[in-house]
Enquirer: 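Structure in structure tokens, see below.
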Amino acid sequence: MSTLRIFDTATRSQRDFEPVRPGHASIYLCGATPQSQPHIGHLRSGVAFDILRRWLIAQGYDVALVRNVTDIDDKILTTAAENNRPWWEWVSTYEREFTKAYNTLGVLPPSVEPRATGFVTQMVEYMQRLIDAGFAYAVPGGPAGEDDEAGSVYFDVAAWNATEGSDYGALSGNRVEEMEQGETDNAGKRSPQDFALWKAAKPGEPSWPTPWGRGRPGWHLECSAMSTYYLGSEFDIHCGGLDLQFPHHENEIAQSHAAGDKFANYWMHNHWVTMSGEKMSKSLGNVLSIANMLEIVRPVELRYYLGSAHYRSVLEYSESALTEAAAGYRRIEDFVGRFEGVEKGEWTLAFEEAMNDDIAVPKALAEIHTAVRAGNKALAEGRHDDAERLAGAVRAMAAVLGFDPLDEQWKDSAVTSGADAALDVLVQAELERRTTARAEKDWATADAVRDRLAAAGITITDTADGPTWSLAD
């Protein structure tokens, strides 16, 4: 059996995976900042590292995966205020949308999903360790120096960089003197390179008390506090999007090492989903929501598409690429569907080698399709037993990638007829739109969706698990 090798961003090399504890794998994944509807750029990370987790489980590891929620930051507060909503209601609404999207695409739930606002105590302890070590300093009085009850705490990059143990800049490859943190509140900083561990309270914003004044968490500190609380001062893998290398992950490493924690042994970063060569983001106006995608393909087909490229490669979105991926999945589905009740068999050696080669999903998919072609040929030649054995192997391999056609997750999404499938996709998209409108208290849009469906002879029933639909008698 080959050994799993992971491309470690920190060393820019593939390394054999050697867990801190034999038989256990500990993973921290930077999760959502729920300020708006999730799009496929957000979900690519969830799918990519869900595949990593499934492969580790398939190899017999006991996997603990922590995926955080950043439930307070500048963007959340700004967006909530612009929509005249309480920040906690706004973030909770979209946190539920992210959870729903993860579930819809078959991403396994994390072992635990902590929120930043629930870890203020641990963050205060972390800051105290850094201040005691001489690598952080407090600035009282708030951004304008006028509020005696407010206070910021900053990480001292120069002090840390002067130590023998500093590796600041190594993860991202940036030169320290050229780094810009991108923070707007810089009052009291000793250097532009310093970054906020704690942000002083502003009028009207939520805040928590600390020994250095009232304020709220800095973005980077929360992940060090949460990951080490659940996984220990040394853990196996830290995952996240490529755009988090700097400043987020670079700053996590600095503050964690400065506090005396060994922190993560491997760093894995997934690349972006792009459209016309540009990174998908809300600001570019090219956001493709999950609901929109599910107007084109089924959830399992969207998952297949998002996981089909190597996680370190750009995934360039186009509708033709999406529908081509859906057709690829259906070839697998059609073959396995010919063997009702076939049990999962064993994956092939080529599949195992592909997965152990830094989770090389494109190679693994090629092996699945090779098995499908061989199985169809065996059927055509009357070798049913050989074909059934290959169907079991395909199920085993597809399960690792999270799209086994016979899995309970996908059994209700099987295509019955072109017309039925198309109708379901369209109605589900309308129900998603209605759910979103109701969450945002846009009653006019919600009512319009209901009336439009009713006019088409479709009845909506709201249940505890969400709305369902049926054709009126």
Side-chain angles (χ1 to χ4, degrees), residues 31-48 50 67 69-71 75-76 78-80 82-83 85 89-107 241 243 270-309 314-323 325-326 413 421-446 448-450 452-453 460 466-467 469:
T33 301
Q35 56 168 312
S36 59
Q37 287 287 347
H39 57 67
I40 58 175
H42 296 130
L43 269 292
R44 187 191 181 188
S45 177
V47 170
D50 183 61
R67 185 182 69 207
V69 176
T70 298
D71 62 343
K75 293 179 180 178
I76 288 171
T78 299
T79 309
E82 288 173 351
N83 288 273
R85 302 308 309 159
E89 179 198 53
W90 189 263
V91 74
S92 296
T93 297
Y94 289 108
E95 183 182 347
R96 288 192 295 272
E97 289 299 308
F98 270 85
T99 299
K100 182 177 180 180
Y102 287 129
N103 292 340
T104 298
L105 296 190
V107 175
D243 53 330
N270 67 280
H271 218 308
W272 303 320
V273 176
T274 61
M275 188 175 179
S276 302
E278 294 187 272
K279 175 180 176 289
M280 190 167 294
S281 67
K282 185 177 180 181
S283 61
L284 290 176
N286 58 7
V287 173
L288 296 173
S289 71
I290 302 304
N292 288 339
M293 294 297 94
L294 295 182
E295 293 182 11
I296 304 170
V297 294
R298 294 175 292 160
V300 65
E301 294 164 347
L302 180 55
R303 180 191 171 100
Y304 179 98
Y305 168 70
L306 290 177
S308 60
V314 172
L315 182 63
E316 173 70 12
Y317 173 78
S318 68
E319 188 169 326
S320 61
L322 178 62
T323 54
S413 68
L423 177 61
D424 184 64
V425 167
L426 292 172
V427 174
Q428 290 296 342
E430 287 294 282
L431 293 180
E432 289 276 354
R433 191 170 289 114
R434 176 174 175 263
T435 298
T436 300
R438 295 180 71 181
E440 296 177 357
K441 302 190 184 309
D442 181 359
W443 308 118
T445 297
V449 170
R450 179 200 60 204
R452 186 161 56 248
L453 291 175
I460 300 174
W469 69 276

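Atom set for the values below is all heavy atoms of this structure, side chains included, hydrogens, waters and symmetry mates excluded.
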Enquirer: Could you give the distance from CG (Leu322) to CG (Leu288), rounded to the nearest 0.5 Å?
Expert: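 CG of Leu288 is found 9.5 Å from CG of Leu322.
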Enquirer: Could you tell me which non-hydrogen atom of Thr104 sits nearest to which non-hydrogen atom of Pro299, and how far apart they are?
Expert: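 Answer, listing the atom of Thr104 first, then Pro299: O-CB, 3.4 Å.
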Enquirer: In terms of heavy-atom contacts, does CD of Glu316 have more than 12 from other residues, nucleotides or ligands at under 6.0 Å?
Expert: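 Yes, the 6.0 Å shell around CD holds more than 12 heavy atoms from other groups.
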Enquirer: Could you tell me the separation between the CG atom of Asp71 and the CD atom of Glu95, rounded to the nearest 0.5 Å?
Expert: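 That separation rounds to 7.0 Å.
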Enquirer: Nearest 0.5 angstrom please: Asn83 CG to Thr78 OG1, how far?
Expert: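 Separation between the atoms: 11.0 Å.
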Enquirer: Could you check if a side-chain atom of Lys75 sits within less than 4.5 angstrom of a side-chain atom of Thr33, using non-hydrogen atoms only?
Expert: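 No, their side chains stay 4.5 Å or more apart.
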Enquirer: Of all the heavy-atom pairs spanning Arg438 and Ala446, show the shortest one and how long it is.
Expert: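 Of all heavy-atom pairs spanning Arg438 and Ala446, the closest is CG-CB, 3.6 Å.
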Enquirer: At what distance, to the nearest 0.5 angstrom, does CD1 of Ile290 lie from CG of Leu43?
Expert: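 One gets 4.0 Å once the value is rounded to the nearest 0.5 Å.
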Enquirer: Using a 6.0 Å distance limit plus a 45 degree cone around the ring axis, check whether Arg67 lies over the aromatic ring of Tyr102.
Expert: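 Ring-cation test returns yes.
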Enquirer: Report the distance from atom CD1 of Ile296 to atom CE of Met293, rounding to the nearest 0.5 Å.
Expert: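 Output value for this atom pair is 4.5 Å.
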Enquirer: Can you tell me how far the CG atom of Leu302 sits from the CD1 atom of Ile40, to the nearest 0.5 Å?
Expert: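 That separation rounds to 7.0 Å.
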Enquirer: Taking the side chain from Arg44 and the backbone from His271, do they hold a donor-acceptor pair closer than 3.5 Å?
Expert: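 Looks like yes, one N/O pair under 3.5 Å.
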Enquirer: Does the side chain of Arg303 come within less than 4.5 Å of Val107's, by heavy atoms?
Expert: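 A side-chain contact under 4.5 Å exists here.
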Enquirer: Which heavy-atom pair separates Trp90 from Gln35 by the least distance, and what is that distance?
Expert: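 It is NE1-O, 2.9 Å.
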Enquirer: Ignoring hydrogens and angles, tell me if any N or O in the side chain of Thr323 forms a donor-acceptor pair with the backbone of Ser320 under 3.5 Å.
Expert: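 Yes; judged by distance alone, with no hydrogens or angles, the pair exists.
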Enquirer: Tyr317 and Tyr305: which non-hydrogen atoms are nearest, and at how many Å?
Expert: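 Looks like CA-OH, 3.3 Å.
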Enquirer: Please evaluate residues Glu430 and Arg433 with respect to the criterion salt bridge (Lys or Arg N to Asp or Glu O under 4.0 Å), reporting the C-alpha separation (whole Å), side-chain torsions for both, the decisive distance (0.1 Å), and the verdict.
Expert: CA-CA 5 Å; Glu430 287 294 282; Arg433 191 170 289 114; 2.3 Å; yes
